[in-house]
Peer 1: 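What follows is a structure written as structure tokens; I'll ask about it next.
Convention: sequence-line order gives letters A, B, ...; per-chain numbering from 1. These numbers come from a predicted model, not from an experiment.
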There are 2 protein chains.
Amino acid sequence: MATPRPTHSFKTPCERCPLRAIAAFREFSGDELEFVAKFKSGELAADAGATILVEGAHSAHLFTVLSGWGFRYKTLEDGRRQILNYVMPGDLIGLQGTIMGEMQHSVEALSPVSLCVFERNKLMTLYNKHSSLAFDITWIAAQEERILDEHLLSIGRRTALERAAYLIAFLFERGRQLKLFTSHASIPITQQHVADTLGLSIVHTNKTLKKLANRNLLRWQERTCEVLDGDGLKAAAGWEGLGEKVRPFI
Amino acid sequence: MATPRPTHSFKTPCERCPLRAIAAFREFSGDELEFVAKFKSGELAADAGATILVEGAHSAHLFTVLSGWGFRYKTLEDGRRQILNYVMPGDLIGLQGTIMGEMQHSVEALSPVSLCVFERNKLMTLYNKHSSLAFDITWIAAQEERILDEHLLSIGRRTALERAAYLIAFLFERGRQLKLFTSHASIPITQQHVADTLGLSIVHTNKTLKKLANRNLLRWQERTCEVLDGDGLKAAAGWEGLGEKVRPFI
DNA sequence: CGCTTAGTTGAGTTCGTTCAACGACTGTGG
DNA sequence: CCACAGTCGTTGAACGAACTCAACTAAGCG
């Protein structure tokens with residue numbers, strides 16, 4: 001298991017943050033931008049498979065994903081793992097650890113990931129002096145809550161086939177909004193990740209994904225899922241989608 | 001289905017808020033208290049079974065539960081229902097609707113519920129002028145996220161027996177921290193609620209709860225669950241508990 | 001070249017489902 | 001006052017979805 005390493009060589013200036021070019025994200029005011037640039041203390045790079053945060057840790061940092069894919073998960077004592085959600089560019093991670101003292105979940109990279117690092121002790125300044133950014137953080141937390149609600153609905157009440165279709169459609173929609181796909185839509189997850197997200201066994205997950213593949217909704221190759229028909233997946237899941245709202249990030 | 005009704009006759013003054021007497025909640029400063037008293041625009045009472053908020057609604061209000069039990073849920077088109085979490089005194093509801101424009105879930109009362117009503121349009125003032133309260137709202141949102149993470153772990157990876165034990169232990173622990181129980185610990189839910197929370201059928205839920213009853217961990221009578229052995233339930237679930245941290249409320 | 005990881009498939013078993021029926025209790029209208 | 005319908009909890013029987021076990025392919029890597 002690799003560990004994240006600091007990137008001393010390069011720090012993306014917030015003024016030229018690549019995320020700001022994406023239509024899905026809201027604009028910063030000059031004032032906000034100036035503060036965020038000071039708030040950011042560095043950058044971190046993690047290899048695919050690296051653990052970015054561990055359950056139980058008292059992290060002094062808060063991160064925003066700059067690029068790459070990862071996931072949040074929890075485990076039971078005997079090793080059963082549940083993936084809670086996926087993290088993608090613009091997502092804030094470590095808020096729980098910052099606010100409540102201790103991480104209640106772990107975060108692992110699915111692909112090479114780069115992260116902006118923020119200092120926990122400057123967070124109070126953000127709340128004191130930049131209420132619009134404070135509101136943004138609440139917005140992000142409320143959005144995460146909404147996604148978890150949808151996941152809970154899926155795992156609790158959808159059939160295995162609907163669940164699988166929902167998950168892939170969800171990841172596809174998020175990736176699309178973030179302009180992560182070029183010619184074809186490839187999601188860097190294994191079937192084991194899908195199983196641990198849906199609460200299914202790996203064998204049954206495989207058979208379920210095969211059914212979706214047979215309907216020409218997706219294709220599985222080389223440890224990635226290629227989406228062929230996003231709308232078809234949404235229809236198979238009976239899922240409305242996330243909406244196209246402009247969202248904040250820090 | 002009854003609808004909530006405003007209580008014109010009586011408004012609990014924030015200075016004598018009954019929640020403030022509970023050890024689990026943090027103290028307000030005089031300044032904070034003064035603002036919250038102005039922020040609160042009224043009170044609402046809902047009967048057991050009443051719908052407090054509906055999915056899709058654009059609510060102009062934010063609520064804090066003063067007393068009573070309720071639950072948040074989502075449904076699929078064909079009526080399948082998933083209970084996402086339970087709401088209890090001190091919980092903030094309607095934040096999603098306030099922040100993102102539209103409620104993504106519904107809220108229903110399990111017992112008679114009384115609610116403090118806050119005006120959405122004063123929320124920005126809270127963020128501008130009272131950053132400690134803004135931080136509290138983020139704290140509450142992060143805490144809800146943590147609970148949802150645990151529910152997700154349960155539904156996804158625990159067995160039916162563990163799941164049921166976890167849910168009852170969770171509700172018991174929350175009620176205990178809020179001092180909702182007097183002589184015996186009674187949770188006002190039906191087995192249908194348990195089923196819709198755990199993602200199980202009502203029949204299998206009944207058989208599972210019977211097993212817990214046979215172990216003298218709980219007893220079911222008159223549409224309530226009486227907890228006999230909270231620690232036994234936690235052990236049966238393999239669950240650590242929530243911790244006894246002092247928490248904020250608005 | 002063996003070793004590991006990811007994906008695939010079949011067979012048998014277990015867990016949770018649906019269907020069905022029933023008792024206890026509550027509220028309601030005749 | 002009783003008859004009736006509705007809700008909640010309970011239980012048995014049969015079915016089906018998802019599980020475990022097992023064996024096998026294909027690809028990547030030291």
Peer 1: Does the side chain of B/S67 come under 3.5 Å of the side chain of B/S114 through a donor N or O and an acceptor N or O?
Peer 2: yes
Peer 1: Taking the nucleotide of DNA chain C with the nearest heavy atom to each, does B/T159 or A/W220 sit closer to the 5' end?
Peer 2: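 The residue whose closest nucleotide sits nearer the 5' end is A/W220.
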Peer 1: In whole angstroms, how far is the P atom of D/dC8 from the NZ atom of B/K210?
Peer 2: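 One finds 18 Å between P of D/dC8 and NZ of B/K210, rounded.
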Peer 1: Starting from P on D/dC8, measure out to CD on B/Q221 and report it in whole angstrom.
Peer 2: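 Result: 17 Å.
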Peer 1: What is the bend of the helix from C/dC1-D/dG30 to C/dG30-D/dC1 when you compare the axis at one end with the axis at the other, using five pairs each and rounding to 10°?
Peer 2: 30°
Peer 1: Out of C/dT17, D/dA18, D/dG9, which nucleotide sits closest to the side chain of B/S201?
Peer 2: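 Of the candidates, C/dT17 comes closest.
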Peer 1: To the nearest angstrom, how far is A/K207 atom NZ from C/dT8 atom C1'?
Peer 2: 9 Å
Peer 1: Consider the side chain of B/T190, meaning its heavy atoms from C-beta on, and name the nucleotide among C/dT17, D/dC8, D/dA18 that approaches it most closely.
Peer 2: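 Nearest nucleotide to the side chain: D/dC8.
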Peer 1: Taking NZ, NE, NH1 and NH2 as the nitrogens, is one of them in A/R146 or B/E102 under 4.0 Å from a carboxylate oxygen of the other?
Peer 2: no
Peer 1: With a 3.5 Å distance limit and no angle check, can you tell me whether B/E108 reaches the backbone of B/G70 through a side-chain donor-acceptor pair?
Peer 2: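 A pair under 3.5 Å: no.
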Peer 1: Counting side-chain heavy atoms from C-beta on, which of D/dT10, C/dT17, C/dT9 comes nearest to A/N206?
Peer 2: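 Of the candidates, C/dT9 comes closest.
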Peer 1: Measuring from the side chain of A/V203 (C-beta onward, heavy atoms only), which nucleotide among C/dT9, C/dG7, D/dA18 has the closest atom?
Peer 2: C/dT9
Peer 1: Below 4.5 Å, heavy atoms only, C-beta onward: do A/I83 and A/K74 meet side chain to side chain?
Peer 2: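 When only atoms from C-beta onward are counted, A/K74 and A/I83 do not touch, as no gap falls below 4.5 Å.
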Peer 1: Starting at atom CD1 of B/I202, determine the distance to atom C1' of D/dG12, rounded to an integer number of angstrom.
Peer 2: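 Taking CD1 of B/I202 and C1' of D/dG12, I get 16 Å after rounding.
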Peer 1: Is a side-chain N or O of B/R157 found less than 3.5 angstrom from the main chain of A/Q82, in a donor-acceptor match?
Peer 2: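 No, the answer is negative, given that no donor and acceptor are paired below the 3.5 Å cut-off.
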Peer 1: For residues A/Y86 and A/H193, establish whether the separation of their ring centroids is below 6.0 Å.
Peer 2: no
Peer 1: Measure the distance from CG on B/L209 to C1' on D/dC8 and round it to the nearest whole Å.
Peer 2: 13 Å
Peer 1: Please report, rounded to the nearest Å, how far the C1' atom of D/dG28 is from the CD atom of A/E222.
Peer 2: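 Between C1' of D/dG28 and CD of A/E222: 11 Å.
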Peer 1: Closer to the 5' end of DNA chain C via nearest nucleotide, is it A/R223 or A/R157?
Peer 2: A/R223
Peer 1: What is the distance, to the nearest angstrom, from the NE2 atom on A/H204 to the P atom on C/dC15?
Peer 2: 16 Å
Peer 1: C/dT17, D/dA18, D/dT10: which one has an atom nearest the side-chain heavy atoms of B/Q191?
Peer 2: D/dT10
Peer 1: Could you tell me whether a side-chain N or O of A/S111 sits under 3.5 Å from a main-chain N or O of A/W69, the two making a donor and an acceptor?
Peer 2: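 Side chain of A/S111 to backbone of A/W69: a pair is present.
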Peer 1: Rounded off to whole Å, could you give me the CZ-to-P distance for the B/R158 and C/dG16 pair?
Peer 2: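 Checked: the CZ to P distance equals 14 Å.
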